[in-house]
There are 2 protein chains.
Amino acid sequence: MQSFDHSLPMRLYRALNAVMPRFRALFTAHGLTEPQWRVLRVLWEREEVPFRELAALTLLPAPSLVGVVDRLQNAGLVARRRPPSDRRQALVRATPRGRALEEDVMPAVERIYVELRESLDADTYAGLVAGLDALAANATAPRTSRHAPRATARRAATTNTAGE
Amino acid sequence: MQSFDHSLPMRLYRALNAVMPRFRALFTAHGLTEPQWRVLRVLWEREEVPFRELAALTLLPAPSLVGVVDRLQNAGLVARRRPPSDRRQALVRATPRGRALEEDVMPAVERIYVELRESLDADTYAGLVAGLDALAANATAPRTSRHAPRATARRAATTNTAGE
DNA sequence: ACCGTTTCATTCATATGTTAATGAAATTCC
DNA sequence: GGAATTTCATTAACATATGAATGAAACGGT
């Protein structure tokens, strides 16, 4: 029915592929990766953020975020803190050097935002945003079934040996 | 100006995050990863595909695709071939076992496509698709500047040492 | 035929994604 | 108040992303 090319996931991926390289070039020029950028972006807006929330806001999976924050911390751009109230938690904040990056990068980023928006009709752009938000809102909650069927896995293509 | 949450990239990522888990659950149940799935999906439609084209169609970077094909090949789902005409090239095709997977998985996938489309108004969905395609089409070509400015990199957050 | 250039898949090094498991610290319940 | 449970960050193991580099093979021009 739906050819692969026209499937919604592929359309989403193509859109991202078309948009992100411009941003990444910028990040790279400042020694940052995209995930690292996302973390900073949040910390510029929020002073101090619980690890967990940081993962949610950046859309980075917690296990990845650990390494991302490690590297940012090592670079002196962010800092971790363990609140005595709950010693499990980790609060993350940007250091002065981390904050300084904001004015360095944000102007160029804002410019890209504008270029992007202007590259489409206002209507098209509005429809795009509406659709994206609808998707995100909609598909977040629809877990109706109590316990997932847990289909039997077949272990088809795992462990790599072909390259030997 | 644009808050991080409302930026186009984040909206795109959120939409994907909302949509993909359903598919991935399916792939996992059949022992496949998403990239592996994408390769098979293309090979089901195209018999034999040049490596290069496969990368373009699946949106997988060539270096990644090497490993993906390795593992699929090792699992007996695809096969490589070196045409004598041009011994640099690599042609990839699905094996019978690889082809057999199609009828196993596609029905459920089609069902998800339908659910997704029906979870939005027809108008919203149409607007979404139009916007995505416009973005992809637009941002593919607009390299107007002859040679990119090549901004001076600063090496901020590289090599990990924080976790020691 | 020969050299420089281009094409193409692949390798390398590093960073991240994914899923399951771990361990320490809160919280609940009896 | 202490055992069982839950929460939270982290680690582990594997697969993929990213950007640069490599090496073999085709190609262009001379």
Side-chain angles (χ1 to χ4, degrees), chain A residues 13 16-17 20-21 23-25 27-29 31-39 50-56 58-75 80-92 150 153 155-164, chain B residues 13 16-17 20-21 23-25 27-29 31-39 49-56 58-75 80-92 153 155-164:
Chain A
Y13 283 125
L16 270 172
N17 273 19
M20 294 316 294
F23 291 103
R24 290 209 200 96
F27 306 155
T28 302
L32 295 173
T33 65
E34 200 201 324
Q36 289 167 3
W37 156 263
R38 286 200 225 166
V39 168
F51 186 90
R52 204 143 188 256
E53 210 178 332
L54 189 57
T58 55
L59 301 184
L60 297 175
S64 301
L65 187 56
V66 171
V68 175
V69 171
D70 279 353
R71 284 176 282 274
L72 283 172
Q73 177 176 339
N74 184 245
R80 268 195 189 83
R81 191 171 75 86
R82 299 279 181 185
S85 51
D86 185 340
R87 277 162 39 199
R88 292 170 303 181
Q89 271 201 95
L91 303 182
V92 187
R150 189 65 89 175
R155 284 315 54 202
T158 19
T159 49
N160 176 359
T161 325
E164 299 180 349
Chain B
Y13 284 124
L16 270 172
N17 272 19
M20 293 316 293
F23 291 103
R24 291 210 200 96
F27 307 155
T28 301
L32 296 172
T33 64
E34 200 200 324
Q36 290 167 1
W37 155 264
R38 285 200 225 167
V39 168
V49 182
F51 187 89
R52 199 131 193 267
E53 210 177 333
L54 190 56
T58 56
L59 301 184
L60 296 175
S64 301
L65 187 55
V66 171
V68 175
V69 170
D70 280 352
R71 284 177 281 274
L72 283 172
Q73 178 176 338
N74 183 248
R80 269 195 188 81
R81 192 171 74 85
R82 299 280 180 183
S85 52
D86 185 341
R87 278 163 36 199
R88 291 169 304 181
Q89 270 202 98
L91 303 181
V92 187
R155 282 317 55 202
T158 21
T159 49
N160 176 0
T161 324
E164 296 181 352

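Each chain gets a letter, A, B and so on, in the order its sequence line appears, and its residues count up from 1. Bear in mind the structure is a predicted one, so any value in this text is a computation, not a measurement. Values below: every heavy atom of this structure, side chains too, minus hydrogens, waters and symmetry copies.
In this entry the distance linking CZ of F51(B) with P of dA25(D) reads 18 Å, nearest Å. Put simply, CG on D70(A) is 16 Å from P on dT14(C), counting in whole angstrom units. Rounded to whole Å, atom C1' of dG17(C) lies 13 Å from atom CD of E34(A). For L72(B) and dA15(D), the CG to C1' distance is 12 Å, given to the nearest whole Å. Between the C1' atom of dT7(D) and the CD atom of E53(A) lies a distance of 16 Å, rounded to the nearest Å. Rounded to an integer number of Å, the gap from CZ of R52(A) to C1' of dT10(D) is 14 Å. Spacing between atom CZ of F27(A) and atom P of dT16(C) amounts to 13 Å, rounded to whole angstrom units. When rounded to the nearest whole Å, the span between CG of L91(A) and P of dC8(D) equals 12 Å.
For the residue pair R82(B)/Q89(B), the side-chain donor-acceptor check at 3.5 Å is not satisfied.
Each of P50(A) and S64(B) has a nearest nucleotide on DNA chain D; the 5'-most of these lies closest to P50(A). Both A25(B) and R82(B) lie near DNA chain C, and the one whose nearest nucleotide falls closer to the 5' end is R82(B). Residue whose closest nucleotide on DNA chain C sits further toward the 5' end, between V68(A) and V66(B): V66(B).
The residue L60(A) sits close only to the backbone: its heavy atoms come under 4.0 Å of sugar-phosphate atoms, none of a base. At the heavy-atom level, T58(B) lies nowhere under 4.0 Å from the strands shown. If you check every strand for non-hydrogen atoms under 4.0 Å, A90(B) touches sugar and phosphate atoms only. No contact: R38(A) has no heavy atom under 4.0 Å from any strand.
OP1 and OP2 of dT18(D) both lie 4.0 Å or more from every side-chain N or O belonging to T33(A). Contact between the side-chain N/O atoms of R80(A) and the OP1/OP2 oxygens of dC8(D) is not found at any separation under 4.0 Å.
Side-chain atoms of R71(B) lie closest to dT16(D) of the nucleotides dC8(C), dA25(C), dT16(D). For P63(B), counting side-chain heavy atoms from C-beta on, the closest listed nucleotide (dC12(C), dG17(C), dA15(C)) is dC12(C). Of the candidates dA26(C), dT18(C), dA9(D), the closest approach to any side-chain atom of R88(A) belongs to dA26(C). Taking the side chain of D86(B) as heavy atoms from C-beta on, and the options dA25(D), dG17(C), dC8(D), the nearest nucleotide is dA25(D). Set against dT16(C), dT18(D), dT11(C), the side chain of R24(A) has dT18(D) as its closest nucleotide. Side-chain proximity of Q36(A) to dA17(D), dT16(C), dA9(C): nearest is dT16(C). Here the side chain of Q89(A) is nearest to one of dG17(C), dA9(D), dA9(C), namely dA9(D).
Once rounded to the nearest 0.5 Å, the distance linking CG of L72(B) with CD of Q36(B) reads 4.5 Å. Between the CG atom of L54(A) and the CG atom of L65(A) there is a distance of 5.0 Å, given to the nearest 0.5 Å. In this structure, E34(A) CD and Y13(B) OH are separated by 3.5 Å, a value rounded to the nearest 0.5 Å.
Residues L91(B) and P83(B) meet the side-chain proximity criterion, which asks for heavy atoms closer than 4.5 Å.
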**Request:** Evaluate the side-chain contact (heavy atoms from CB on, under 4.5 Å) criterion for residues L59(A) and R38(A): first the C-alpha distance (whole Å), next the side-chain angles of each, then the deciding distance (0.1 Å), finally the verdict.
**Result:** CA-CA 9 Å; L59(A) 301 184; R38(A) 286 200 225 166; 3.7 Å; yes
